[in-house]
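As structure tokens, the structure follows; a few thoughts come after it.
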Amino acid sequence: MRDFLWGAGDVALLGFGDELRDALGIDPVDMNSTAYTAGEITGSVALLATGVGGGIRAAGAAARGLEFSHFIPARMGGARSIWNGNFVSTATHALSDPFRYRFMPRSWKAANPMPNRASQLWTRTPNTAKGTAAGAGAAGTGLANAGC
Amino acid sequence: MRGVNMKFLQSITSLLRKGAPGFSVLEAALLDEVERHLDVDRADRLRRRIESINLVQRLDGGREVNAYALKNGKPAFEEATRLIAEDDERKLATFSFIGANQISYEGTAWLVNGQLFSLEFNNPTEHALDDRPTDVKLSICI
């Protein structure tokens with residue numbers, strides 16, 4: 001059980017579990033045990049799931065005052081799904097989508113120039129994708145560094 | 001190889017740019033025409049506003065052209081370049097012309113906060129930006 005928990009913990013600590021154990025004077029763990037490996041896998045899945053879950057939460061849901069901002073536009077067949085966009089405020093939508101921006105009042109546009117295209121693309125990128133990538137990156141880093 | 005690198009560099013910089021630093025030949029010629037139709041005081045105010053523009057954003061293939069005088073990264077409106085007292089959106093002028101591509105255009109110059117803010121066209125101008133318009137007809141709306 002101890003090896004399993006440290007396997008999961010080492011992944012979550014991105015491979016710095018060894019250093020933590022040394023610093024706290026904790027006995028070493030058996031990194032070759034099946035329990036440690038099972039812990040690593042569990043830790044990786046948990047990190048990935050945390051990233052996906054965080055992304056889904058950040059993508060939002062339909063609500064009053066929010067609009068769905070597509071990454072791949074509906075006119076190009078993009079689905080209205082949180083895997084293809086986010087629920088955002090009108091201002092955020094307009095400032096990340098030139099097609100939405102056109103329909104804003106001129107007085108609003110005069111106070112709010114469009115950001116550059118890189119920023120627009122980043123804002124339009126589904127938060128689910130960002131969360132999944134962050135979770136996968138953390139899990140990969142943890143797996144690569146744990147057990148060393 | 002060098003050409004490919006240049007294209008790559010240009011596409012990266014276009015991703016990071018907010019727009020152009022000034023008006024195109026076409027837009028500048030139309031604004032000159034607007035200026036020519038205004039009284040001396042307003043023409044001078046419009047000229048100063050045009051000279052203060054440091055960001056031009058073209059949307060929808062150049063059908064919509066928005067102009068900003070940015071100061072510290074924020075849009076600024078100087079009272080000295082105000083043409084009318086009202087802050088609402090107001091038409092400054094309507095115009096028509098023939099582009100170098102022989103397409104006929106109609107459009108409107110708009111004021112916001114009493115100052116020049118945008119030009120809007122009924123057709124895309126992105127392929128006519130470097131050419132002077134011909135047969136310009138213009139009427140002032142303020």
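To find a chain, count down the sequence lines: A is the first, B the second, and so on, and within it residues start at 1.
Partner of B:R58 under the salt bridge (Lys or Arg N to Asp or Glu O under 4.0 Å) criterion, out of B:E120, B:E27, B:E126: B:E27 alone. The residue from B:N66, B:D88, B:V112 that alone fulfils the side chain to side chain contact (heavy atoms under 4.5 Å, CB included) condition with A:R106 is B:V112.
For B:L55, the part sitting under 4.5 Å from any heavy atom of chain A is the side chain, from C-beta outward, and nothing else. Contact annotation for B:L59: only side-chain heavy atoms (C-beta onward) come within less than 4.5 Å of a heavy atom of chain A. When heavy atoms are compared at a cutoff of 4.5 Å, A:A110 approaches chain B by way of both its backbone and its side chain.
Chain A forms more heavy-atom pairs under 4.5 Å with one residue of B:P75, B:A67, B:S118, B:G19 than with any other, namely B:P75. By number of non-hydrogen pairs under 4.5 angstrom with chain B, the leading residue of A:S107, A:P113, A:P98 is A:P113. For chain A, the option among B:E89, B:E64, B:K18 with the highest count of heavy-atom pairs below 4.5 Å is B:E89. The choice from B:D60, B:L70, B:D87 that makes the most heavy-atom pairs within less than 4.5 Å of chain A is B:D60.
The ring of B:F121 has its center closer than 6.0 angstrom to the ring center of B:F95.
Taking the ring axis of A:W122 as reference, the NZ or CZ atom of A:K130 stays within 45° of it and closer than 6.0 Å to the ring centre.
No salt bridge links B:E51 with B:R48; every basic N to acidic carboxylate O contact stays at or beyond 4.0 Å.
Nearest heavy atoms, A:L47 versus A:A12: CD1-CA, 4.2 Å.
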